[in-house]
Each structure stands twice: as structure tokens, then as C-alpha cells.
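What follows is a set of notes on a single structure, which appears directly below.
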Amino acid sequence: FPSHDILMQITDKIKLDVDAYCLTYNDGHRSHLGASLIGHECKRYLWYTFRWVKADTFDARMNRLFRRGHREESQFIDMLRGAGFQVWDYDSESELDANGSHKQFRISDCKGHFGGSMDGKLQFPESYGINGTFLCEFKTDGTGKGFNDLCSFGVKSAKEQHYAQQSVYGYKEGLTHSVYMNVNKNDDSLHIEFVELDHNLGKQLIQKAEQII
């Protein structure tokens with residue numbers, strides 16, 4: 001059997017090979033200005049981003065973190081459905097993609113140059129006595145000030161871009177409230193918030209996108 005030193009060399013090589021593969025996770029430039037970014041305070045940043053002035057590059061660890069955020073979406077949906085909520089995570093009226101699946105709910109504006117994909121829509125169980133359809137938005141965070149501030153002050157104050165994104169979706173889809181869920185990736189603590197969306201803000205942010213585009 002290989003010696004300890006040889007085994008260490010093998011595991012180091014495995015990590016290097018895995019990291020090299022994880023660098024391929026980067027999808028490159030977006031073809032549109034995203035609703036998840038439009039709440040950013042700096043218009044210059046958004047102008048440069050939309051025009052592909054500089055490509056963002058991330059190391060393998062960061063790419064894995066981004067991908068983990070996407071994987072968490074199915075976990076949120078599973079938990080909500082398990083708790084009795086009815087959740088739709090795709091648009092049944094959308095065209096099928098290359099894998100034969102329906103696409104996520106999408107909003108689009110500014111002649112297709114601005115848009116975003118919603119995590120889903122939901123309805124409450126009868127036991128809550130709350131009728132109607134609501135946006136659901138899923139995010140991840142880590143232990144520290146960001147998650148702590150979110151728990152203390154709420155998404156509107158602590159995560160302005162998240163609130164802006166949801167308000168755009170709400171305005172475009174005619175939804176007044178969202179169920180916002182954020183998981184702490186370090187200890188699996190959950191922050192769940194029933195959020196009133198601001199349609200005026202959503203409209204203003206689309207006007208901001210038009211200006212930048």
C-alpha cells in the first residue's frame with residue numbers, strides 16, 4: 001500500500017483536479033441586467049456590469065459556494081411542501097428546455113434587456129387562514145454580521161438588494177407579499193420573514209434599469 005507521503009500527494013492532486021473542474025462552474029457574462037442586481041446603490045457598477053466591461057472571476061471555493069446557494073433552493077421547497085404549503089417552482093406554461101423541463105418563473109422588461117428568475121410562488125395551508133398566492137424567495141448567508149443583522153432588522157433594512165429584487169418581481173407579477181427564507185450555511189439556522197412588497201419601488205427600479213440600459 002502507498003506510504004503516508006504518497007497518499008498525501010494523491011489527495012493533494014485530487015483537490016487540485018477538483019478545484020480545476022470547479023472553475024468551470026462560472027457561466028460568464030449575463031445577457032441581461034438582472035433583477036438581483038438592480039438594487040445595487042452604484043449605477044456606474046450596474047452600467048459596467050451590463051456592458052461586460054470586466055468579467056468577474058472567482059476561485060474554486062467561491063464557485064462551490066455559489067453553486068451551493070442554487071442547491072439550497074430545492075431544500076427550501078422540500079421543507080415548505082413538507083410543512084403543508086403548495087409551492088410552484090416552475091412555470092407550467094413555459095416552453096420546455098433542452099432537458100424536457102419547464103423553466104422557472106421569469107420576468108422581463110426593457111425589451112428583454114432586464115429580467116430575472118423567481119424562486120417560486122406558494123399558497124399557505126388552510127390552517128393559517130391566509131388566502132392568495134405569494135412570491136417565495138430563497139437566499140443563503142454565513143455566520144456573522146450579515147445574517148445577524150437580517151435576523152435583527154429584517155430584509156428591507158439588512159438586505160436591500162434582496163428586497164429590491166422581490167419588489168420588482170411583485171410589481172411585475174401583481175404579488176403583494178413574499179415569504180423570504182434565508183439559511184445560515186454554517187449552522188442551518190433559518191430566518192423566515194413575511195414581507196410586504198413595494199410596487200412603487202419595483203416600478204422605479206425598472207425605470208432605473210431603462211436608464212442604465
Side-chain angles (χ1 to χ4, degrees), residues 25 30 33-50 56-80 82-83 85 87 89 104-105 107 114 116-122 124 128 130 134-173 175-209 212:
Y25 289 169
R30 285 185 176 182
L33 180 59
S36 61
L37 290 179
I38 196 61
H40 196 286
E41 63 182 359
C42 180
K43 290 183 179 180
R44 185 189 300 271
Y45 169 84
L46 295 171
W47 194 95
Y48 284 155
T49 299
F50 177 66
D56 287 326
T57 56
F58 302 99
D59 62 18
R61 183 186 69 85
M62 285 303 300
N63 280 343
R64 287 194 292 271
L65 277 174
F66 294 145
R67 179 161 285 200
R68 178 178 175 182
H70 294 306
R71 292 200 308 269
E72 289 289 347
E73 293 176 8
S74 63
Q75 300 299 314
F76 284 119
I77 292 168
D78 178 68
M79 289 186 288
L80 284 168
F85 289 79
V87 183
D89 55 334
Q104 283 184 292
F105 293 100
I107 63 99
F114 174 73
S117 297
M118 294 179 288
D119 292 333
K121 300 177 182 180
L122 61 76
F124 280 76
Y128 282 80
I130 300 175
F134 303 91
L135 175 73
C136 45
E137 184 66 31
F138 309 131
K139 300 293 186 184
T140 65
D141 218 314
T143 299
K145 186 178 187 302
F147 189 78
N148 292 339
D149 284 353
L150 175 63
C151 294
S152 298
F153 305 114
V155 63
K156 186 175 181 179
S157 296
K159 301 286 184 182
E160 293 182 5
Q161 282 188 227
H162 295 179
Y163 183 71
Q165 179 183 7
Q166 294 175 88
S167 290
V168 169
Y169 293 157
Y171 169 69
K172 291 290 291 184
E173 292 290 303
L175 301 173
T176 61
H177 291 76
S178 75
V179 175
Y180 173 85
M181 302 178 70
N182 191 311
V183 64
N184 183 324
K185 292 175 289 189
N186 297 96
D187 62 10
D188 252 25
S189 299
L190 285 176
H191 173 79
I192 303 175
E193 191 174 340
F194 194 46
V195 181
E196 183 177 5
L197 305 178
D198 186 340
H199 285 190
N200 287 329
L201 173 62
K203 183 178 180 180
Q204 291 167 10
L205 290 169
I206 291 174
Q207 292 170 346
K208 175 182 176 182
I212 291 165

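Because only heavy atoms are used, hydrogens play no part in the values below, and waters and symmetry mates are left out as well, while side chains stay in. Residues take their numbers from the sequence shown, with the count starting at 1.
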Rounded to the nearest 0.5 Å, what separation is found between the CG atom of L175 and the CE atom of M118?
-> 7.0 Å

side-chain contact (heavy atoms from CB on, under 4.5 Å) against K156, all qualifying residues, sequence neighbours excluded = Y163

Using modelled atom types only, decide if a donor and an acceptor are shared between the side chain of K203 and the backbone of Y171 within a distance under 3.5 Å.
-> no

Return the minimal non-hydrogen interatomic distance between V179 and F124, and the atom names on each side.
-> CG2-CZ, 4.0 Å

Rounded to the nearest 0.5 angstrom, the OG-CZ distance for S36 and R30 is 4.0 Å

Determine yes or no for a side-chain-to-main-chain donor-acceptor pair under 3.5 angstrom, with S167 supplying the side chain and D198 the backbone.
-> yes

Check A164 against L201 and note the closest heavy-atom contact, atom names and distance.
-> CA-CD2, 4.4 Å

Starting at CG of L33, measure out to OG1 of T49 and round the result to the nearest 0.5 Å.
-> 8.0 Å

Who are the side-chain contact (heavy atoms from CB on, under 4.5 Å) partners of F153, not counting sequence neighbours?
-> D149, S157

Contacts of N186 meeting side chain to side chain donor-acceptor pair (under 3.5 Å) (sequence neighbours excluded), chain-then-number -> T143

OG1 on T140 to CE on M181, rounded to 0.5 Å = 13.0 Å

Taking atom CD of Q207 as the centre, does the number of heavy atoms from other residues, nucleotides or ligands within less than 6.0 Å exceed 12?
-> yes

Which residues share a side chain to side chain donor-acceptor pair (under 3.5 Å) with K121, sequence neighbours left out | E173

On a heavy-atom basis, the closest approach of K185 and L65 is NZ-CD2, 3.8 Å

Does R68 have any side chain to side chain donor-acceptor pair (under 3.5 Å) partners at least two apart in sequence or in another chain, and if so, which?
-> E72

F66 ring center within less than 6.0 Å of Y25 ring center = no

Could you tell me which non-hydrogen atom of G142 sits nearest to which non-hydrogen atom of N184, and how far apart they are?
-> C-OD1, 3.8 Å

Is a side-chain N or O of H40 found less than 3.5 angstrom from the main chain of Q161, in a donor-acceptor match?
-> no

With F114, the side chain to side chain contact (heavy atoms under 4.5 Å, CB included) member among L205, V168, I212 = V168

Matching residue for S178 among H162, Q165, Q166 - test: side chain to side chain donor-acceptor pair (under 3.5 Å) = Q166

Closest non-hydrogen atoms of A35 and Y169, given as atom of the first, atom of the second and distance, are CB-CE2, 3.8 Å

Kindly say whether D89 contributes a backbone atom to a donor-acceptor pair with the side chain of Q104 at under 3.5 angstrom?
-> no

How many angstroms lie between CD in Q204 and NE2 in H199, if you round to the nearest 0.5 Å?
-> 13.0 Å

F85 ring center within less than 6.0 Å of Y128 ring center = yes

Looking only at heavy atoms, the pair that brings D119 and I77 closest together is O-CD1, 4.5 Å

Quick one: side chains of residues 187-197, donor-acceptor pairs under 3.5 Å with protein atoms, not counting sequence neighbours, listed by atom name and distance.
unit_1 : atom_1 : unit_2 : atom_2 : d
D187   : OD1    : S189   : N      : 2.9
D187   : OD1    : S189   : OG     : 2.9
D187   : OD2    : S189   : OG     : 3.3
H191   : NE2    : E193   : OE1    : 2.8
E193   : OE1    : V155   : N      : 3.0
E193   : OE2    : V155   : N      : 3.4

Looking at NE2 of H177 and SG of C136, how far apart are the two atoms once the value is rounded to the nearest 0.5 Å?
-> 15.0 Å

